[in-house]
Asks: 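Let me begin by handing over the structure; questions about it come next.
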Protein chains: 2
Amino acid sequence: MKNIGREYENLDQKVYQVIKSMIENRQLLPGQKIPQEKLAAELGISRTPLISALKFLEHEKLIETKPRRGFYVRLFEIEEMISIFEIREVLEGLSARRAAQTITANQKKELQKLFKDFPVGRPIEDFQAYSKADRQFHNFIAEIGSKEFLTSILQTFNIIALAYQYPTREGLVRDPNDTIVDHHNIIEAICNHDPEGAEKLMRKHLELTIHELKTFNAQEKTGS
Amino acid sequence: MKNIGREYENLDQKVYQVIKSMIENRQLLPGQKIPQEKLAAELGISRTPLISALKFLEHEKLIETKPRRGFYVRLFEIEEMISIFEIREVLEGLSARRAAQTITANQKKELQKLFKDFPVGRPIEDFQAYSKADRQFHNFIAEIGSKEFLTSILQTFNIIALAYQYPTREGLVRDPNDTIVDHHNIIEAICNHDPEGAEKLMRKHLELTIHELKTFNAQEKTGS
DNA sequence: CTTTTGTATTTTGTATACAAAATTCATTAT
DNA sequence: ATAATGAATTTTGTATACAAAATACAAAAG
């Protein structure tokens, strides 16, 4: 008989996770060069699996390779961020639609719990906690209705959106006191098994972020 | 002064292209194991850049890694194909919309040339040529309106769609004599700078493919 | 004959080695 | 002082080496 259940994980997959979270919580900053030898030593491995992981991350656009110059943490221009949010708009619209079609009773409970500390009306103060809930919200919806495929694409975008921190609020573009309403509405549509509504609301939600980004970009260009 | 224009390309990037096209034109078949030593020898390189390229392709889901077992050309289930086409539907809808907004006079000419050998009404015979034009069509629209980001995602899906060849026609799901009408309509909408129409038509176009796939899948399950 | 066990062979994952390229930095020239 | 030059140092890209794991296959047991 064959031993199928074995869960072996290569070093590069572990390193991949480590670097990903280092980018996520800003231990590695956008634009920064990756010191291969140093980082490998720190992680207690050789350069081989590290490079392997970096190659993998290159494809997620979290890392950029400059041949003969090394690996760099990707730095996004605002135009690129707009383009990324446009992709998110249609993809997350899809995942909201699918979620509304397939959500189970247990998943409903979990989804409704996410923003329980942020009821509509009460002003939001803890931006960091809200930012975290926001991320969980988008990830969870992706997971409910989608095959592994879509989930992994969306997770990448999520990290990019996060990595591109805004000077003002903790990784958030729009004011939480505005977005909280969207979130509650989307959750309601999904829990009511309303695919069309869920898709429309999710797209609107992200469309407003895009609008905000475009405004910000226009301001930058004219000179703050 | 710094020498910026230098175009150096690592070996793994070249190998990446080679393997990609090997999968595209079926020299490597879905499900097949990649013989590392042998392939490296054939390409006249060591295993290092080969593995690097395979890692890269793993992320595009063209290659699957089974730890301690090696690399395999990815084999897609029909459910996964349906999921992929759902993603294509919304993403290509977006790229059609953007294309309609930004297309230039020269791009219009090029786009209109693509199906000049396949006028509406005349029955299509050369499926291979049509399949090629189809691919160019989708790639070109992606390139017109999108940043590098979306283009690279869509290209991946395109290859997957192709790699999953249908037993009947050359990588095509729907009958070319039906799809040719869609293609001409989408081109018209884009050239008339009609973003809403272009998006709607493109989504409809892919929605029909999804429907076809679902029907096919249902038949398979009941027993041919 | 089929299944199990044990051994030989191949393949994988990772470390290490090393030439070629890039970077640093002190030195000289402008 | 600034720019140019060129060794000394570091880093990169790739090959090679090798232990550990997987596979293939032959012999033994049921």
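Chain A is the first sequence line, chain B the second, and so forth, proteins listed ahead of strands; every chain is numbered from 1.
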Asks: Walk me through whether B:Glu89 and A:Arg98 qualify under salt bridge (Lys or Arg N to Asp or Glu O under 4.0 Å).
Replies: CA-CA 14 Å; B:Glu89 184 191 323; A:Arg98 306 233 63 218; over 6 Å; no
Asks: Tabulated below should be each protein N or O lying under 3.5 Å from an N or O of nucleotides 9-12 of chain C; please produce it.
Replies:
| from | atom 1 | to | atom 2 | distance (Å) |
| --- | --- | --- | --- | --- |
| C:dT12 | O2 | B:Arg68 | NH1 | 3.2 |

Asks: Round to the nearest Å and state the distance from B:Leu11 atom CG to C:dA19 atom P.
Replies: 18 Å
Asks: If you compare every side-chain N and O of B:Ser46 against the phosphate oxygens of D:dA15 (OP1, OP2), does one of them come in below 4.0 Å?
Replies: yes
Asks: CZ of B:Phe56 to CZ of A:Phe56: how many Å apart, nearest 0.5 Å?
Replies: 10.5 Å
Asks: So among B:Phe137, B:Phe140, B:Phe118, which one has a ring pair (Phe, Tyr, Trp, His ring centres under 6.0 Å) with B:His183?
Replies: B:Phe137
Asks: Hydrogens and angles aside, do B:Thr65 and B:Tyr72 bring a side-chain donor and acceptor to less than 3.5 Å of each other?
Replies: no
Asks: Rounded to whole angstroms, how far apart are CD1 on A:Ile51 and C1' on D:dG13?
Replies: 8 Å
Asks: How long is the straight-line distance from CZ of A:Arg203 back to CG of A:Leu94, given to the nearest 0.5 Å?
Replies: 10.0 Å
Asks: To the nearest Å, give me how far apart CD (B:Gln13) and C1' (D:dT14) are.
Replies: 15 Å
Asks: Tell me if a side-chain donor or acceptor on B:Thr215 pairs with a main-chain N or O of B:His211 at a distance below 3.5 Å.
Replies: yes
Asks: Mapping A:Ile45 and A:Tyr72 onto DNA chain C by nearest heavy atom, which one lands closer to the 5' end?
Replies: A:Ile45
Asks: Provide, to the nearest angstrom, the distance between the CG atom belonging to A:Asp12 and the P atom belonging to C:dG13.
Replies: 8 Å
